[in-house]
Amino acid sequence: RKLYFDTHALVCLLEEKGFTTQQSEVIVSALVKIMNTNLDMIYKDMVTKVQQEIALQQVMSHIAGVKKDMIILEKSEFSALRSENEKIKLELQQIKKQVTDEITKVRADNKLNLNLEKSRVKELHAQQDRALTQTDRKIDTEVADLKTMLESHKLDNIKYLAGSVFTCLTVALGFYRLWI
């Protein structure tokens, strides 16, 4: 019995992937046992060449017996069997047609259901896209309002700063004039 893979290479690969040496060896050992068990089961089901030859000879003898029986039946009841066989063929064709029709109906129903689901999904995606677009617009509006408010506050701060600077200058000039 031969193993057609390198067990040591598999152990090394498992160790590279983070398993310990002991874990890797246990895993590989388990795989080998499983393969051996499977091979045992396969070998139990296999036939030897001698057994195959015996079975072939038995089948050939049965075929010869059947041929003899067929010749006898052909003379006596073969025409009745042919007509019965034709009836069965016709019934099978009818059943095949019915099955084909049922399959066609099921396929059509499945296609219809699939198309309905696709349209529902498309509608859902469209609703989600509209909701996202509205949310984006609201966010853009809020950001624009905040920018406007920020610019307004900047302008107010500049006005107050300029007023404060001019007030200080006026007070300083007033003191300067008083001293001079």
Flag side-chain contact, heavy atom, 4.5 Å: [X] against [Y]:
{"X": "Ser61", "Y": "Gln57", "answer": "no"}
{"X": "Arg137", "Y": "Thr133", "answer": "yes"}
{"X": "Asn157", "Y": "Leu161", "answer": "no"}

Calculate, to the nearest 0.5 Å, the distance between atoms [atom1] and [atom2] belonging to [X] and [Y] respectively.
{"X": "Asp136", "Y": "Asp129", "atom1": "CG", "atom2": "CG", "value": "10.5 Å"}
{"X": "Asp40", "Y": "Met35", "atom1": "CG", "atom2": "CE", "value": "12.0 Å"}
{"X": "Asn85", "Y": "Leu90", "atom1": "CG", "atom2": "CG", "value": "10.0 Å"}
{"X": "Ile63", "Y": "Lys68", "atom1": "CD1", "atom2": "NZ", "value": "13.5 Å"}
{"X": "Ile88", "Y": "Ile95", "atom1": "CD1", "atom2": "CD1", "value": "10.5 Å"}

Say whether [X] and [Y] are linked into one hydrophobic cluster, either directly or through other cluster members, by side-chain heavy-atom distances under 4.5 angstrom.
{"X": "Tyr176", "Y": "Leu169", "value": "no"}
{"X": "Leu13", "Y": "Leu31", "value": "yes"}
{"X": "Val28", "Y": "Val26", "value": "no"}
{"X": "Val32", "Y": "Phe19", "value": "yes"}

Practice problem: Would you mind listing every side-chain hydrogen bond (donor to acceptor under 3.5 Å, both in side chains) that reaches into residues 90-119, with sequence neighbours excluded? | Solution: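 Those involving residues 90-119 are Glu117-Arg120.
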
Practice problem: Take atom CD of Gln22 as the centre, draw a 6.0 Å sphere, and report whether it contains more than 12 heavy atoms from other residues, nucleotides or ligands. | Solution: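 For Gln22, atom CD is not crowded (no more than 12 foreign heavy atoms under 6.0 Å).
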
Exercise. Inspect the surroundings of CD in Gln23 and state if more than 12 heavy atoms from other residues, nucleotides or ligands are less than 6.0 Å away.
Key: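 Yes.
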
Practice problem: Without swapping roles, check the side chain of Ser164 against the backbone of Tyr160 for a donor-acceptor pair under 3.5 Å. | Solution: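 Yes, Ser164 side chain to Tyr160 backbone: donor-acceptor pair under 3.5 Å.
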
Practice problem: Kindly say whether Glu25 contributes a backbone atom to a donor-acceptor pair with the side chain of Ser29 at under 3.5 angstrom? | Solution: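 No: the side chain of Ser29 does not pair with the backbone of Glu25.
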
Exercise. With sequence neighbours excluded, give me every salt bridge (Lys or Arg N to Asp or Glu O under 4.0 Å) pair touching residues 147-160.
Key: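 Qualifying pairs, neighbours excluded: Glu151-Lys154.
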
Self-check item: Test side chain to side chain donor-acceptor pair (under 3.5 Å) applied to Thr20 and Glu15, step by step
Solution: CA-CA 6 Å; Thr20 66; Glu15 287 175 356; over 6 Å; no

Exercise. Could you tell me which non-hydrogen atom of Ser24 sits nearest to which non-hydrogen atom of Leu14, and how far apart they are?
Key: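 Closest approach of Ser24 to Leu14: OG-CB, 3.3 Å.
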
